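Contents: one structure, followed by commentary.
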Protein chains: 2
Amino acid sequence: MTQQSDPRQNSMLAALPLDEYQRLAPLLEPVELKLGASLAESGETMRYVYFPTDAIVSLLCVMEDGDSTEIAVVGAEGVVGISLFMGGETTPSRAIVQSAGSAYRLRGPLVKAEFYRAGPLQDLLLRYTQALITQMAQTAVCNRHHSLDQQLCRWLLLSLDRLPTNELRMTQELIANMLGVRREGVTESAGKLQRAGLIAYHRGRITILDRPGLEARVCECYAIVKKEYDRLMTYRRPPRDRGIG
Amino acid sequence: MTQQSDPRQNSMLAALPLDEYQRLAPLLEPVELKLGASLAESGETMRYVYFPTDAIVSLLCVMEDGDSTEIAVVGAEGVVGISLFMGGETTPSRAIVQSAGSAYRLRGPLVKAEFYRAGPLQDLLLRYTQALITQMAQTAVCNRHHSLDQQLCRWLLLSLDRLPTNELRMTQELIANMLGVRREGVTESAGKLQRAGLIAYHRGRITILDRPGLEARVCECYAIVKKEYDRLMTYRRPPRDRGIG
DNA sequence: TACTCACTGTGCGCTGACGAACATAGCGTT
DNA sequence: AACGCTATGTTCGTCAGCGCACAGTGAGTA
């Protein structure tokens, strides 16, 4: 039904040395991630780690009263399911597909085995986790200090960075859920962006018309997170001294 | 000038098997952490990992305009400087001593060497990091959805959990910096708690009088974080299949 | 004793976001 | 063509938190 994407569209898999990748490749299972699908529920043990190739996944914290907030977003640059190799097996947050697409998944025990080889994949996973931490921290600050207008810009740019096109399928209602704000608030902020000619949207389809314009309006949080991803994920670490006796 | 605390007051060090601990012990340098001291600055390479024994350290995100927000707090249950073993070396956040006390520190290269032994310390560090991630995520949600009153309760309880006494040396001004709110807001919220008989404060000294009362007022975020720490840090993982060929 | 400074308390007006209610407008179905 | 559903637009009163200004008050110091 859909043609298979190349696993190496995912940056983590692409960054592996060829021999490592070739050992891993037969273990990767292709999966289609449908809009709204859940990859992880609060407190439930995850069975797989997911490497998106062109899907986007939101990590959400859900409160007792149903209110939620997106704490991070994962695309082809990363991986969903860090708790599997960090040791906790579960997290208190949910992982929901925000933009449909493809991914490759790896069974939990296989990920752990690979992780404990202490090779390049471990390096990548840990560095990615640190970048994710930065994203979460910056989200916390942004929630505290910045206006909805700015946060919407940040959210649009973060999504755009993880998308092959400049079109985003997402209703204002859903964006509101992600940001943890009212739908009307998103309508209002999005209206401003539309009137300013930065975006166009129509019944669940958002088209970014002027990316530099968005970047001019966004708060510093966006750049900080992006820069940290670049720094952590492109840097090629020197061969390490394992200190193993 | 101050008597030396036992390194094993720190839960991470205490959780190590005796042989592991004994190898590490001679490498640990005792340090006094003075109120307000900085253990990490944004973007600067950390030289040490710190294991507090009775000090409390705040991890802060600072914005361009000087506004800041605490994204996590670390006491004797944890460690400051995860970026050293996660691979990034630096973080965009600051680490400031919030409550003076003692700690033991370990030079960065030594931490890495220990980490790559892939033994119990690695396990502990990774599990702790996951707990820290939960704390940061929950902070983000709390910033979005909960009132200052509730957040103050959360903050007081988080601090109290990491303190040997029920007295906290901290001005309202500083609390405001931590929470990323106005000083007057803290004055008002703290006034409510004082009038309700839950706390007493006087010029930078806060005494918790009624902990259950605070717990009754705090939002769910506090319990979620605490539960996750308990789950991650007390669970003894089964011997793992390293998958090493 | 008086002075100073840090800490706390209080009172404004302002604004951004909330909650609720309701109006309009596309799209698919019958 | 009529209907229904979903998505978007708008309004209105309320409120928490902001920024500012200033007043009290205790601790330390000269």
Side-chain angles (χ1 to χ4, degrees), chain A residues 35-36 63 65-70 98 140-156 167-196 198-207 217-219, chain B residues 35-36 63 65-70 98 139-156 167-196 198-207 217 219:
Chain A
L35 180 65
M63 315 291 306
D65 63 7
D67 279 355
S68 64
T69 300
E70 182 183 86
Q98 181 205 107
V141 187
C142 201
N143 281 355
R144 164 68 67 207
H145 290 290
H146 297 140
S147 69
L148 177 47
D149 286 15
Q150 290 182 303
Q151 291 182 47
L152 179 59
C153 289
R154 177 174 62 87
W155 191 87
L156 287 171
E167 189 185 290
L168 217 148
R169 300 181 60 97
M170 175 75 44
T171 65
Q172 300 184 351
E173 178 84 44
L174 286 176
I175 297 178
N177 282 157
M178 301 290 178
L179 294 179
V181 298
R182 285 182 321 151
R183 196 266 314 161
E184 294 92 323
V186 174
T187 299
E188 200 169 318
S189 285
K192 289 185 200 169
L193 297 182
Q194 168 126 283
R195 284 190 291 278
L198 305 181
I199 66 173
Y201 55 83
H202 181 68
R203 296 187 71 70
R205 277 189 160 75
I206 304 179
T207 310
R217 294 197 171 210
V218 76
C219 49
Chain B
L35 181 64
M63 314 291 307
D65 63 6
D67 279 355
S68 65
T69 301
E70 182 184 85
Q98 182 204 107
T139 301
V141 187
C142 201
N143 280 356
R144 165 67 70 206
H145 290 291
H146 297 141
S147 69
L148 177 48
D149 286 14
Q150 290 182 303
Q151 291 181 47
L152 179 59
C153 289
R154 177 174 63 85
W155 191 88
L156 287 171
E167 189 186 290
L168 218 148
R169 300 181 62 96
M170 175 74 46
T171 66
Q172 299 183 351
E173 179 83 43
L174 286 176
I175 297 179
N177 281 158
M178 300 289 179
L179 294 179
V181 298
R182 286 183 320 151
R183 194 268 313 161
E184 295 92 322
V186 174
T187 300
E188 199 168 321
S189 285
K192 289 184 199 170
L193 297 182
Q194 168 126 285
R195 283 189 292 278
L198 305 181
I199 66 173
Y201 58 81
H202 183 69
R203 299 186 70 71
R205 277 190 161 74
I206 304 180
T207 310
R217 294 196 172 211
C219 49

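In this text the structure is predicted, and so the values were computed from the model without any measurement. Residue numbering restarts at 1 for every chain, and letters A, B, ... go by the order of the sequence lines.
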Note to self: Measure CG/Leu179(A) against P/dA17(C) and give the value in whole Å, please.
What the structure shows: 11 Å
Notebook entry, point to check: Does His146(A) reach the main-chain N or O of Val141(A) with its side chain, forming a donor-acceptor pair under 3.5 Å?
Noted result: no
Check: Hey, does the side chain of Glu167(A) reach the backbone of Arg205(A) with a donor-acceptor pair shorter than 3.5 angstrom?
Finding: no
Next item on the list: Determine whether Leu152(A) and Val181(A) make a side-chain contact, defined as any pair of heavy atoms from C-beta on separated by less than 4.5 Å.
Entry: no
Margin query: Looking at Leu179(A), is its backbone amide N or carbonyl O close enough to the side chain of Arg144(B) to form a donor-acceptor pair, meaning the two atoms are under 3.5 Å apart?
Written below: yes
Margin query: In whole Å, I'd like the distance from the CG atom of Leu152(B) to the C1' atom of dA16(D).
Written below: 15 Å
Item checked: Residue pair Asp149(A) / Lys192(A), side-chain heavy-atom distance below 4.5 Å -> yes
Notebook entry, point to check: Is the closest side-chain heavy-atom distance between Glu70(B) and Thr139(B) below 4.5 Å?
Noted result: no
Notebook entry, point to check: Between dA6(C) and Gln172(B), is there an OP1 or OP2 to side-chain N/O distance shorter than 4.0 Å?
Noted result: no
Next item on the list: Kindly say whether, by distance alone, the side chain of Arg182(A) makes a donor-acceptor pair under 3.5 Å with the base of dG16(C)?
Entry: no
Next item on the list: List the protein contact pattern of nucleotides 24-30 of chain D with one symbol per nucleotide (5' to 3'): B for base contact, S for sugar-phosphate-only contact, - for none; contact means a heavy-atom distance under 4.0 Å.
Entry: -BBS---
Check: In whole angstroms, how far is the C1' atom of dG19(D) from the NE2 atom of His145(A)?
Finding: 15 Å
Next item on the list: Determine whether Val186(A) and Trp155(A) make a side-chain contact, defined as any pair of heavy atoms from C-beta on separated by less than 4.5 Å.
Entry: no
Next item on the list: Name the closest nucleotide to the Arg183(A) side chain, picking from dC7(C), dT8(D), dG9(C).
Entry: dT8(D)
Next item on the list: Specify the residues of residues 185-194 of chain B, ordered by number, for which at least one heavy atom lies under 4.0 angstrom from an atom of DNA chain D.
Entry: none
Check: Are any side-chain N or O atoms of Asn143(A) and backbone N or O atoms of Ala140(B), one a donor and one an acceptor, separated by less than 3.5 Å?
Finding: yes
Note to self: Check this for me: does the side-chain of Glu184(B) come within 3.5 Å of the base of dC20(D) through a donor and an acceptor?
What the structure shows: yes
Note to self: Can you tell me if Tyr201(A) touches the phosphate of dG9(D), counting only side-chain N or O atoms and a distance under 4.0 Å to OP1 or OP2?
What the structure shows: yes
